[in-house]
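Down below is the structure, laid out as C-alpha cells.
Bear in mind that the values here come from a model prediction, so they are computed numbers and not experimental data. Lettering follows sequence order; numbering is per chain, from 1.
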Amino acid sequence: MEQRDYFEEVYEVVRLIPKGRVTNYGTIARYLSLRAGARMVGWAMNGCHNRPDVPAHRVVNSVGVLSGKHFFGEPDVMQRLLESEGVQVKNDKVVDFKKVFWDPAVELAL
DNA sequence: GCGTTGACCCGAA
DNA sequence: CTTCGGGCCAACG
C-alpha cells in the first residue's frame with residue numbers, strides 16, 4: 001500500500017541493529033540484494049521519521065561517518081545517540097567502526 | 001515524461 | 001592523498 005517491500009525490509013534490518021552497534025548502507029543493500037544500491041537505503045531512511053522505530057543513527061556510510069546526522073534536526077543529535085549507546089564518535093566518525101560494525105549477513109546468519 | 005537531486009559505493013586516474 | 005565517473009532507483013519541479 002504505502003510502503004515498498006524493500007523499504008520495509010530496510011527498516012526491519014535497521015530495527016534489528018543491536019545497541020552499541022552500527023552498520024552501513026551498502027551492507028544492508030547487499031544483504032537485501034537491493035540492486036538499487038545504497039542510495040535507496042538512504043531514501044528509505046529519508047522516510048524513517050514515518051516509521052515507529054528506525055534507529056537511523058545506527059546507520060552510517062562505509063567509512064563510519066555520520067552522513068545523515070544533519071537530518072536528525074541537529075547535527076549533534078546523532079552523535080549523542082550513538083555515544084549514549086556506547087558507540088564512541090569522533091569528528092562525526094564512529095570510533096572503532098570495525099568493532100561496532102554490525103553485519104546482518106553474519107549476525108543474523110547464526 | 002525529463003532533468004536534477006539524494007542520509008551511497010566502488011573503481012580508476 | 002584527491003578528484004572524477006558510473007551505477008542503481010525514487011521523489012520533486
Heavy atoms, side chains only, cut-off 4.5 Å: are [X] and [Y] in contact?
| X | Y | result |
| --- | --- | --- |
| M45(A) | V10(A) | yes |
| P52(A) | R15(A) | yes |
| V94(A) | L66(A) | yes |
| V59(A) | V22(A) | no |

Looking at residues at least two apart in the chain, or sitting in another chain, which of them share a ring pair (Phe, Tyr, Trp, His ring centres under 6.0 Å) with F72(A)? none
Whole Å only: how far is the [atom1] atom of [X] from the [atom2] atom of [N]?
| X | N | atom1 | atom2 | result |
| --- | --- | --- | --- | --- |
| K93(A) | dA7(B) | NZ | C1' | 17 Å |
| H70(A) | dA7(B) | NE2 | C1' | 11 Å |
| M45(A) | dA11(C) | CE | P | 14 Å |
| N46(A) | dT5(B) | CG | C1' | 11 Å |
| M40(A) | dA11(C) | CE | P | 6 Å |
| M78(A) | dA7(B) | CE | P | 12 Å |
| R35(A) | dC9(C) | CZ | C1' | 12 Å |
| N50(A) | dA11(C) | CG | C1' | 14 Å |

With the criterion being N/O to N/O and under 3.5 Å, what pairs connect the protein with nucleotides 9-13 of chain B, and how long is each?
from    : atom 1 : to     : atom 2 : distance (Å)
dC9(B)  : OP1    : S62(A) : N      : 2.7
dC9(B)  : OP1    : S62(A) : OG     : 2.5
dC9(B)  : OP2    : S62(A) : N      : 3.4
dC9(B)  : OP2    : S62(A) : OG     : 3.1
dC9(B)  : O5'    : S62(A) : OG     : 2.9
dC10(B) : OP1    : R30(A) : NH2    : 3.3

Contacts under 3.5 angstrom, residues 98-110 of chain A side chains, donor-acceptor by atom type, not counting sequence neighbours:
from    : atom 1 : to      : atom 2 : distance (Å)
D103(A) : OD1    : A105(A) : N      : 2.9

Quantified in whole Å, what is the [atom1] atom distance between nucleotide [N] and nucleotide [M]?
| N | M | atom1 | result |
| --- | --- | --- | --- |
| dA7(B) | dT2(C) | C1' | 23 Å |
| dG6(C) | dG3(B) | P | 16 Å |
| dT5(B) | dC4(C) | P | 16 Å |

Ordered by number, residues from residues 80-88 of chain A within less than 4.0 Å of DNA chain B (heavy atoms) are none
If you look at every strand shown and take non-hydrogen atoms under 4.0 Å, does A44(A) touch a base, only sugar-phosphate, or nothing? nothing
Classify the nucleic acid contact of G37(A) as base, sugar-phosphate or nothing, counting any heavy atom under 4.0 Å across all strands shown.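 Touches nothing.
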Validation: residues 76-89 of chain A side-chain donor-acceptor distances under 3.5 Å, sequence neighbours left out:
from   : atom 1 : to     : atom 2 : distance (Å)
Q79(A) : NE2    : V89(A) : O      : 3.4
E85(A) : OE1    : R58(A) : NE     : 2.7
E85(A) : OE1    : R58(A) : NH2    : 3.3
E85(A) : OE2    : H57(A) : NE2    : 3.2
E85(A) : OE2    : R58(A) : NE     : 3.3
E85(A) : OE2    : R58(A) : NH2    : 2.6

Tell me, which pairs form a ring-ring contact (aromatic ring centres under 6.0 Å, His included) where one or both residues lie in residues 15-49 of chain A, sequence neighbours left out?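 ring-ring contact (aromatic ring centres under 6.0 Å, His included) check on residues 15-49 of chain A returns no pairs.
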What pair of heavy atoms forms the shortest contact from C48(A) to A56(A), and how long is it? SG-CB, 4.2 Å
